[in-house]
Asker: 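Below is a structure I'd like to ask you about.
Along the sequence shown, the residues carry numbers beginning at 1. Both counts, for ligands and for their atoms, begin at 1 and track the order of listing.
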Amino acid sequence: MKITRVEAIPFAIPYVKPLRFASGEVHVANHVLVRVHTDTGVVGVAEAPPRPFTYGETQDGIITVIDTIFAPAIVGLTLLEREVVASRLARTIGNPAAKSAVDMAIWDALGKTLDLPVGDMLGGFTDRMRVSHMLGFAEPAKMVAEAEKMVDTYGIRTFKVKVGRHPVGLDTAVVRALRERFCDEIELYVDGNRGWTAAESARAMKEMSDLDLLFAEELCDAADVMGRRWLVERLDVPFIADESVPTPADVTREILGRSATAISIKTARTGFTTSRRTHHLAEGLGIPVVMGNQIDGQVGTACALAFGSAFELTSRYAGELSNFLDMSDDLLTEPLQIRDGHLHRSTAPGIGFEIDPDKLERYRTDN
Ligand code: MUC
Ligand code: MG
């Protein structure tokens, strides 16, 4: 059960439809596949998506920090020493996606070694999650057409609408068009990725007060400390902190400081080990949790599904598990299938996916 080697492999898979939002846009999945090798021949796998606009990480940076700092720090430890791994990784500041991929690959290797699914090892609450689809910036008619396709093809009935543009009417028109088209057939919430000021957010939310929104997420920057408190106090829906809560300490600060009333857990930035801490903290604080998406590929989505389905609190709301649908291809031997609006987690040992060696060969960029 000893870790013998950690590999960080860059790959690039283009998006068919780029995702655009207030803090950036993604055209190509330039991710890093992380493989943790062990002395028994078992290999654990996970992926790290670089998100410079959210955490400052780049593809090259993720590979370098894993190759030069994380791998030497953990080679020789066993798969059971996950808290030792966490403590050694924590000596380096930041780098959440790189740390998380290493952590989840270790869990994958442990599950494969023990012949157990990671979702069961983490909590085993359910075997499925409802799926929420993220609608990136486009014309209202295009966003409605995309939602129609998601409802008809995949049975998805929860949508997170990206907002944060100027004038705010650009976005409120989209949300209104969606509500008018689907009436109470769908759940709707909005995510501003810090694009608006607190005052703009308040105005937009007032304009949408008759549209039955489920949540509002990160509409303005948490650095606008008093502005955000002022906004959150005025809202009559939970305000989700996403990029402002990359660590459990951030969750405590934002929630006790009243700048948020709900959180997004993303396994891409807190892995399984820290996501578990964040989950327990959220349970103790009594706040809603939504499983978020870091614009993950299918490997990352399988990780979010394994974690989200493990607990009651993380599987209560639909999880954001469909961004991979916008990619032109992926790395798995058996693609994830969304049916009737749900993703079912695999019962295979580990996180529950296999990498197709031909696909990895085609998309890796280091050969
Ligand atoms: C989201 O929920 O914000 C876009 C930026 C990011 O950090 O994550 C995605 C989705
Ligand atoms: Mg968000």
Asker: Going by the angle between their ring planes, with limits at 30° and 60°, are His280 and Phe311 parallel, tilted or perpendicular?
Answerer: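 Perpendicular, since the angle between the ring planes exceeds 60°.
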Asker: Under a 3.5 Å cutoff, is there a donor and acceptor pairing between the side chains of Glu187 and Thr158?
Answerer: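 Result is yes, a qualifying pair exists.
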Asker: Can you name the atoms of ligand 1, numbered from 1 with element, that are less than 4.0 Å from a heavy atom of Glu217?
Answerer: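 So the atoms of ligand 1 that pass are 2 (O).
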Asker: If you have a sec, read the angle at the Mg ion (ligand 2) from Asp242 atom OD2 over to Glu217 atom OE2, to 10 degrees.
Answerer: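 OD2 of Asp242, the Mg ion (ligand 2) and OE2 of Glu217 span an angle of about 100°.
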Asker: Cation over ring, Arg165 on Phe137, under 6.0 Å and within 45°?
Answerer: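 The answer is yes; both the distance and angle limits are met.
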Asker: Of the side chain and backbone of Glu218, name the one, both, or neither that has a heavy atom under 4.0 Å from an atom of ligand 1.
Answerer: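 It is neither; nothing of Glu218 touches ligand 1.
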Asker: Tell me, which protein residue and heavy-atom name are nearest atom 3 (O) of ligand 1, and how many Å apart are they?
Answerer: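 Scanning the protein heavy atoms, the shortest distance from atom 3 (O) of ligand 1 goes to Asn193 ND2, 2.8 Å.
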Asker: Consider side chain to side chain donor-acceptor pair (under 3.5 Å). Of Asn293, Asp296, Thr54, Asp242, which one does Lys266 pass it with?
Answerer: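 Among the candidates, only Asp242 passes.
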Asker: Under 4.0 Å from a heavy atom of Phe21: which atoms of ligand 1 are those, numbered in the order shown and with their elements?
Answerer: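 So the answer, numbered in order with elements, is 4 (C), 5 (C).
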Asker: Using a 4.0 Å cut-off to any heavy atom of Met134, which atoms of ligand 1 qualify?
Answerer: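 In order of number, 10 (C).
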Asker: Is the closest N or O pair between Gln294 and ligand 1 shorter than 3.5 Å?
Answerer: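 Yes: some nitrogen or oxygen of Gln294 is under 3.5 Å from one in ligand 1.
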Asker: Counting only heavy atoms, which portion of Arg20 has something under 4.0 Å from ligand 1: side chain, backbone, both, or neither?
Answerer: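 It is neither; nothing of Arg20 touches ligand 1.
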Asker: Within the 4.0 Å heavy-atom shell around Asn293, which atoms of ligand 1 are there?
Answerer: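 By the 4.0 Å cutoff, the relevant atoms are 8 (O), 9 (C), 10 (C).
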Asker: Side-chain donor-acceptor pair under 3.5 Å between Gln337 and His344, yes or no?
Answerer: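 Note: Gln337 and His344 side chains miss the donor-acceptor criterion.
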Asker: Provide the number and element of each atom of ligand 1 under 4.0 Å from a heavy atom of Lys266.
Answerer: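 Every atom of ligand 1 under 4.0 Å from some heavy atom of Lys266: 1 (C), 2 (O), 3 (O), 6 (C), 7 (O), 8 (O), 9 (C), 10 (C).
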Asker: Does one side chain, of Glu243 or Tyr55, offer a donor that lies under 3.5 Å from an acceptor on the other?
Answerer: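 No donor-acceptor contact under 3.5 Å links the two side chains.
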Asker: Would Asp191 count as a contact for the Mg ion (ligand 2), in the sense that one of its N, O or S atoms lies under 2.8 Å from it?
Answerer: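 A backbone or side-chain N, O or S atom of Asp191 is under 2.8 Å from the Mg ion (ligand 2).
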Asker: Is the closest side-chain donor-acceptor distance between Asp67 and Thr64 under 3.5 Å?
Answerer: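 There is no such pair between these side chains.
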Asker: Tell me whether Lys160 has any N or O atom under 3.5 angstrom from an N or O of ligand 1.
Answerer: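 Lys160 vs ligand 1: N/O contact under 3.5 Å present.
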Asker: Give me the one residue out of Ser244, Ser259, Ser201 that meets side chain to side chain donor-acceptor pair (under 3.5 Å) with Arg228.
Answerer: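 That would be Ser244.
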Asker: So if I count the atoms of ligand 1 from 1 in the order they appear, which ones are less than 4.0 Å from some heavy atom of Asp191?
Answerer: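 Near Asp191, meaning under 4.0 Å from one of its heavy atoms, ligand 1 has 1 (C), 2 (O), 3 (O).
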Asker: As an exercise, identify every atom of ligand 1 less than 4.0 angstrom from a heavy atom of Lys162.
Answerer: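 What qualifies from ligand 1 is 1 (C), 2 (O), 3 (O), 4 (C), 10 (C).
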Asker: Has Lys162 got its NZ or CZ under 6.0 Å from the middle of the six-membered ring of Phe21, at an angle within 45 degrees of the ring axis?
Answerer: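 The answer is yes; both the distance and angle limits are met.
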Asker: Backbone, side chain, both or neither: what part of Asp242 comes under 4.0 angstrom of ligand 1, heavy atoms only?
Answerer: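 The part of Asp242 near ligand 1 is the side chain, not the backbone.
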Asker: How is the hydrophobic cluster of Tyr189 composed, in terms of its other members, when Ile, Leu, Val, Met, Phe, Trp and Tyr link through side-chain heavy atoms under 4.5 Å apart, directly or indirectly?
Answerer: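 For the cluster that includes Tyr189, the remaining residues are Leu214, Phe215, Ile240, Val290, Tyr317.
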